Amino acid sequence: MHPVLRRATAPPAALDLLAQARAGLEEAAVLETPNERYARAHLAALRTAAAVLAARGRPETSPRARARIRSAWEVLPRSRPS
């Protein structure tokens with residue numbers, strides 16, 4: 001078995017986003033209407049993606065790439081460890 005390499009700690013912003021995501025999923029689980037559950041769970045997923053980007057994301061280096069607006073789902077695959 002190979003040991004898993006981990007950073008000592010995640011940035012506080014990432015930990016806060018993960019806590020908000022978890023709370024959002026807990027809230028979604030008890031909501032009655034499907035559209036409210038979906039919206040709350042989707043927001044939790046976005047917060048989770050933002051937490052990953054806060055922990056691993058690298059700022060764009062070119063001004064052109066920085067100027068383009070992209071969704072978290074587009075940026076997330078590019079933030080994976082190399």
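Keep in mind that what you see is a predicted model, and the values were worked out from it rather than measured.
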hydrophobic_cluster_shared for L17 and L46, side chain cutoff 4.5 Å: no

Step-by-step side-chain hydrogen bond (donor to acceptor under 3.5 Å, both in side chains) determination, E74 to S71: CA-CA 5 Å; E74 184 180 352; S71 77; 4.8 Å; no

Heavy atoms only: give me the nearest [X]-[Y] pair and the separation to one decimal.
X	Y	answer
A21	R47	CB-CB, 4.0 Å
A54	P11	O-CG, 3.7 Å
R40	G24	CG-O, 3.1 Å

Ion pair R22/E26, N-O distance below 4.0 Å: yes

Under 3.5 Å donor-acceptor, R37 side chain and A29 backbone: no

